[in-house]
Amino acid sequence: STDDIVGNIDFVNGGDFANNPLASIRGIKGASDTAGHLQFRTNSNNRMIILEGGNVGIGVDDPDATLEIMDGVTAQLKLSFDDSNATTFTATSGGGLTVDNSYNYVFNGDRNMSFDIGSVANRREYRFKFDGTELLTFQGDLNGIGTSTPAHMLDVQGEIGVGGNY
């Protein structure tokens, strides 16, 4: 409530600062006299909050993680290297994650394992690597085991073993 505001900085354009600031930063009293949080507002709406424990919320007033971003309409997070190289992360309504960029995606896990997604000659490409060595490569309908450049539907480089009754 407005009774809990302990400090306020308003940014105005003209004289009507009391009723309609362009933007404001508010200090809000918490449950005790030694705790509180900050609200960052534009157009009289909360845009970002920093809670007393340090959690930051953008588009959400009660973040339960170090950084929580919520927006059901547009992409939630964009990481940019420069004006033309960026990756956008969007949480879907079902709890999934969409990652969008025009270049390769690299997901690194434990023990130097990685999964790259990109494209070669207008075909989707997927690569699984361990310590920099490609184990599996999928390029459209070309699939490679032990090769980064499969030339056939199944291209295996190295020894293979087949078991069972054939």
Exercise for the section: Measure the shortest side-chain to side-chain distance between T137 and F128 over non-hydrogen atoms and say whether it is less than 4.5 angstrom. Expected result: no
Problem - Q139 versus S148, closest heavy-atom pair with distance - result: NE2-O, 3.5 Å
Exercise for the section: State whether the side chain of N55 and the backbone N or O of L51 hold a donor-acceptor pair below 3.5 Å, judged by distance alone. Expected result: no
Problem - Shared hydrophobic cluster, I25 / I58 (ILVMFWY, side-chain heavy atoms < 4.5 Å) - result: yes
Practice task
Kindly work out whether a path of hydrophobic side-chain contacts (I/L/V/M/F/W/Y, heavy atoms less than 4.5 Å apart) joins V60 to L67.
Solution key: no
Completion exercise
Nearest heavy-atom approach of G146 to Q157 is O-CB, 3.5 Å
Completion exercise
Value for CG (L22) from CG (N43), rounded to nearest 0.5 Å, stands at 8.0 Å
Exercise for the section: Examine M70 and L77 and state if one hydrophobic cluster contains both, with Ile, Leu, Val, Met, Phe, Trp and Tyr joined whenever side-chain heavy atoms are less than 4.5 Å apart. Expected result: no
Exercise for the section: Go through I28 and Q39 one step at a time and tell me if the side-chain contact (heavy atoms from CB on, under 4.5 Å) criterion holds. Expected result: CA-CA 7 Å; I28 307 294; Q39 289 177 339; 3.8 Å; yes
Practice task
Look at the side chain of N143 and the backbone N and O of M153, then say whether any donor-acceptor pair between them is shorter than 3.5 Å.
Solution key: yes
Exercise for the section: Examine V56 and I69 and state if one hydrophobic cluster contains both, with Ile, Leu, Val, Met, Phe, Trp and Tyr joined whenever side-chain heavy atoms are less than 4.5 Å apart. Expected result: yes
Fill in the blank from the handout: In terms of heavy-atom contacts, E68 and P63 come closest through OE1-CA, 3.2 Å
Completion exercise
For L142 and P150 the tightest heavy-atom approach is CD1-O, 3.5 Å
Practice task
Given side-chain contact (heavy atoms from CB on, under 4.5 Å), test N8 with S24 step by step and report yes or no.
Solution key: CA-CA 7 Å; N8 197 45; S24 63; 4.1 Å; yes
Fill in the blank from the handout: Closest heavy-atom pair, H37 versus I49, reported as atoms and distance to 0.1 Å, is CD2-CD1, 3.3 Å
Exercise for the section: Go through R41 and R26 one step at a time and tell me if the side-chain contact (heavy atoms from CB on, under 4.5 Å) criterion holds. Expected result: CA-CA 8 Å; R41 301 166 54 88; R26 290 181 173 178; 3.6 Å; yes
Practice task
Without swapping roles, check the side chain of T42 against the backbone of A23 for a donor-acceptor pair under 3.5 Å.
Solution key: no
Handout entry: Closest heavy-atom pair and its distance - L136, I145
Key = CD2-CG1, 3.6 Å
Handout entry: Distance in Å, D61 CG paired with N46 CG, rounded so as to fall on 0.5 Å steps
Key = 4.5 Å
